[in-house]
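The block underneath contains the structure these notes are about, expressed in structure tokens.
Below, chain A is the first sequence line, B the second, and so on; all start at residue 1. Note that this is a predicted model, so its numbers are computed, not measured. Basis for what follows: all heavy atoms, side chains included, without hydrogens, waters or symmetry-related copies.
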Amino acid sequence: MKVLVQREDFDCGAEIEAVARGNAKVGAVASFVGLVRDINEDAAVRTMTLEHYPGMTERSIAQIVEEARMRWNVIDCTVIHRVGELIPTDRIVLVVVASGHRGDAFEACEFIMDYLKTRAPFWKKEQTPEGTRWVEARAGDDKAAARWKK
Amino acid sequence: MKIKVLFFAALREQVGAASEDIDLPGEKSTIAALRSHLAARGGAWQSALSEKKLLRFAINQDMAAPDALLKAGDEVAFFPPVTGG
């Protein structure tokens, strides 16, 4: 299991390879990549700055991954989230889950993203031609996370 | 009771502080009581921490509810709902 919070970009291909390398029990690898869009809430986004709570960020993602491991067959998992200044088309987040079968890989990957969106302490600030603004949390994200409640 | 309070994102900008060491009266307190204590300073503190504002809280880097108890030495964080991912 690997959790990284970093300013640098990451190599999706290398991370996907890494979770399955040399382990013949892995039959499925699911991945999700989140990117910076150039439009949000009808405003052009020039740059985005991601702030976080160092320490709690890593801790909360590790707890989310641990919960996924209790609910699904997760052989390995990597979560990388970038912070600092990003521009449209930049990668923000990567989740990679290796499992025995695709069902577990898909579900665990989606669960980790849904929980990360509502529990990991990151905040986005957008710079637009009209000025800077903090991104508001979406009710849809809470709904997405709530559907995993047992 | 000495605690450390952290503020993040829009809230950090509104109150003009990223962290503060606070000596709260009494031996026991809650996040809600700390929020009222800070809001009572008035001005930007009052508007940023008013009950109308949707905020999230953490104690020692774990999400916590407003009625969660604080103890001396705790690291308490106040922040807006998260928007990562």
Legend entry - Residue pair Glu51(B) / Arg35(B): nearest heavy atoms and the distance that separates them: CA-NH2, 3.8 Å
Interface moiety of [X] toward chain B, non-hydrogen atoms closer than 4.5 Å:
X         : answer
Ser60(A)  : neither
Glu136(A) : backbone
Lys117(A) : both

Legend entry - Cationic N near anionic O, under 4.0 Å, Asp21(B) to Lys2(B): no
Inset, instruction - Answer with yes or no after comparing the ring centroid distance for Phe8(B) and Trp123(A) against a 6.0 Å cut-off, counting only values under it. - result: yes
Legend entry - Residue, of Leu116(A), Leu50(A), Val135(A), that accumulates the most heavy atom pairs under 4.5 Å with chain B: Val135(A)
Legend entry - Between Arg59(A), His52(A), Gln63(A), the one whose heavy-atom pairs under 4.5 Å with chain B are most numerous: Arg59(A)
Inset, instruction - Against chain A, label Leu54(B) side chain, backbone, both or neither, depending on which of its atoms sit under 4.5 Å from a heavy atom there. - result: neither
Inset, instruction - Let me see the working for Phe7(B) and Phe79(B) under ring pair (Phe, Tyr, Trp, His ring centres under 6.0 Å), right down to the final yes or no. - result: CA-CA 6 Å; Phe7(B) 306 98; Phe79(B) 45 81; over 10 Å; no
Legend entry - Between Pro81(B), Ala10(B), Ala9(B), Ala77(B), the one whose heavy-atom pairs under 4.5 Å with chain A are most numerous: Ala9(B)
Inset, instruction - Would you give the length of the straight line joining atom NZ of Lys125(A) to atom CD of Glu85(A), rounded to the nearest 0.5 angstrom? - result: 10.5 Å
Inset, instruction - For the pair Trp72(A) and Phe106(A), evaluate ring pair (Phe, Tyr, Trp, His ring centres under 6.0 Å) and give the outcome as yes or no after the intermediate values. - result: CA-CA 10 Å; Trp72(A) 292 279; Phe106(A) 276 133; over 10 Å; no
